[in-house]
Engineer: 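One structure, pasted below without further comment.
Bear in mind the structure is a predicted one, so any value in this text is a computation, not a measurement. Naming convention: chains lettered A, B, ... in sequence-line order (proteins, then strands); numbering from 1 in each chain.
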There are 2 protein chains.
Amino acid sequence: MDAFTGELGSGDRLLMAAIDLIAEKGYNGVTTAEIASAAGLSEKTLFRHFGSKLNLLESAIDRFRYAEEMRQLFEGKLVWDLESDLYAIGVKYHEIMNRNRKLLMISIKDEAHLPGLKERKMQHPHQLLDFLDRYFRTMAEKGKIANGNPRMLAFTFLMANFGAFINDLEAGENYPGIGLDSFIRESVKIFARSVAR
Amino acid sequence: MDAFTGELGSGDRLLMAAIDLIAEKGYNGVTTAEIASAAGLSEKTLFRHFGSKLNLLESAIDRFRYAEEMRQLFEGKLVWDLESDLYAIGVKYHEIMNRNRKLLMISIKDEAHLPGLKERKMQHPHQLLDFLDRYFRTMAEKGKIANGNPRMLAFTFLMANFGAFINDLEAGENYPGIGLDSFIRESVKIFARSVAR
DNA sequence: TATGTCTGTCAGTACTTACTGACATTGTAT
DNA sequence: ATACAATGTCAGTAAGTACTGACAGACATA
């Protein structure tokens, strides 16, 4: 039936409610009764499905992990024009990070309960850093950008976007007049000018 | 006596222990007994001093708030050489942010308990953004850097440093081979090249 | 109809934890 | 010596919360 109606099963409704509430209030800040109620189910059903609160959280993380997404960036077709490529990478980066926003929030707030989650979350940036590093090297070999310190260029670009993401993440409308898209566009120009020949 | 020995009074010991533990485990993740014990005092003494757990946290925030520190950046003597000035600002920024690290962590983890703290914490970046904006404008007027979008340049510089700080903050040694000081130096060079004439 | 599955209700247990009151102890100042 | 201020000990209360067991109703399938 679900396959036809598109409705979610009880298990998934509980997992989604758990992600929402724990991301907002933290693991210790939310009760199992609250989660069940947000899912429109009884607390008893929650325990029948998951046995314990901790297992509910772990299941939720497993279920909503967008594990390999950062690889999309690697598969995206590059056109070997610095500004175009950096812009596309920036847009994709924020797209993925925003989709993972709630899990990120949980991994920040409740690292104590979740050994290993933080480490797994950090694999993505590492992959992206290596990718950008190689990209800049290749661009230099092609003679399209100046020689320099490609790894630090990659790292700074990554940190700028990470900072912008975190800033939005926890504060919403923090800097009036500065939107995400204009930030991506302008910051790409800044980096592009820095390595122009 | 304290004035001579340099020892802290009971109240301050409790406040420090509270900051340490709440930053690490979150408000709901730590008990009053734990805090008192970490301060080497009894739980009873904690309540005699502060009355309630929440009031303890609020007092701790008041006590250890480095409210006006970001202004030091404004008073720091600029030499109107782009690389020197940006480097000095970067170093000072991380110095201040690191000193505020624990309060920052609390404001991220437990915003729920502390309405208004997040807002106060955001005043600093705004001031710094305005300051950088004006600095770049002046540099352009002096003919020392190219004309462009000073506000976005300031914002990107700020975000890069913020991202690097947060990255260290929650993950420690995340990117092997990339230390804070080398990041500041190299990122400054990247931004400087971007606006060189 | 009969059976199995999923769910709700309700009462309850065991544990944690913020917070209190009564009283003793220690050290300091007068 | 006496009074006072700060602290400890200990027992305890009240509330919250993760988690359970017993039972019943709804619904689909055979």
Engineer: Can you tell which of B:I89, B:N161, B:D168 makes a side-chain contact (heavy atoms from CB on, under 4.5 Å) with B:H94?
Structural biologist: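 Of all the options given, the one that passes is B:N161.
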
Engineer: Check each residue of residues 26-37 of chain B for a non-hydrogen atom within less than 4.0 Å of any atom in DNA chain D, then write out the ones that pass by number, or none.
Structural biologist: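 Output list: empty, so none.
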
Engineer: B:I22 pairs by side-chain contact (heavy atoms from CB on, under 4.5 Å) with which of B:N28, B:L56, B:L103, B:D110?
Structural biologist: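 That would be B:D110; it is the only one of B:N28, B:L56, B:L103, B:D110 passing the side-chain contact (heavy atoms from CB on, under 4.5 Å) with B:I22.
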
Engineer: So if I define the base as every atom that isn't primed, P, OP1 or OP2, how would nucleotides 5-15 of chain D read as a B/S/- string at a heavy-atom cutoff under 4.0 Å?
Structural biologist: --BBB------

Engineer: Heavy atoms only: give me the nearest B:F183-B:A160 pair and the separation to one decimal.
Structural biologist: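 Minimum heavy-atom separation between B:F183 and B:A160: CZ-O, 3.6 Å.
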
Engineer: Is a donor from one side chain sitting under 3.5 angstrom from an acceptor on the other, for B:N98 and B:Y93?
Structural biologist: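 The answer is no; no qualifying pair exists.
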
Engineer: Quick one: salt bridge (Lys or Arg N to Asp or Glu O under 4.0 Å) pairs with a partner in residues 186-197 of chain A, sequence neighbours left out?
Structural biologist: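 Non-adjacent pairs meeting salt bridge (Lys or Arg N to Asp or Glu O under 4.0 Å): A:E186-A:K189.
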
Engineer: Quick check on contacts: within residues 12-20 of chain B, what sits under 4.0 Å from DNA chain D by heavy-atom distance?
Structural biologist: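 None, since no heavy atom is under 4.0 Å.
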
Engineer: Can you check side-chain contact (heavy atoms from CB on, under 4.5 Å) on A:F64 and A:M16, steps first, answer last?
Structural biologist: CA-CA 9 Å; A:F64 293 101; A:M16 287 183 57; 3.3 Å; yes

Engineer: Please state how far atom CG in B:L56 lies from atom C1' in C:dC19, giving the value in whole angstrom units.
Structural biologist: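 Whole-Å distance recorded here is 13 Å.
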
Engineer: Could you pull out the closest heavy-atom pair between A:P150 and A:D133, with the gap in Å?
Structural biologist: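 Heavy-atom minimum between the residues: CB-OD1, 3.6 Å.
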
Engineer: Hey, could you give me each pair passing salt bridge (Lys or Arg N to Asp or Glu O under 4.0 Å) that has a residue in residues 33-50 of chain A? Not counting sequence neighbours.
Structural biologist: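 For residues 33-50 of chain A, and leaving out neighbouring residues, the salt bridge (Lys or Arg N to Asp or Glu O under 4.0 Å) pairs sorted by first residue read A:K25-A:E34.
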
Engineer: Using ring-ring contact (aromatic ring centres under 6.0 Å, His included) as the criterion, list what pairs up with A:Y135, not counting sequence neighbours.
Structural biologist: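 Here the qualifying residues are A:W80.
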
Engineer: In whole angstrom, give the distance that lies between atom CG of B:N55 and atom C1' of C:dA18.
Structural biologist: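 Those two atoms, CG and C1', are 14 Å apart.
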
Engineer: Strictly distance-based, threshold 3.5 Å: is any side-chain N or O of A:R13 a donor or acceptor partner for the main-chain N or O of A:A39?
Structural biologist: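 Present.
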
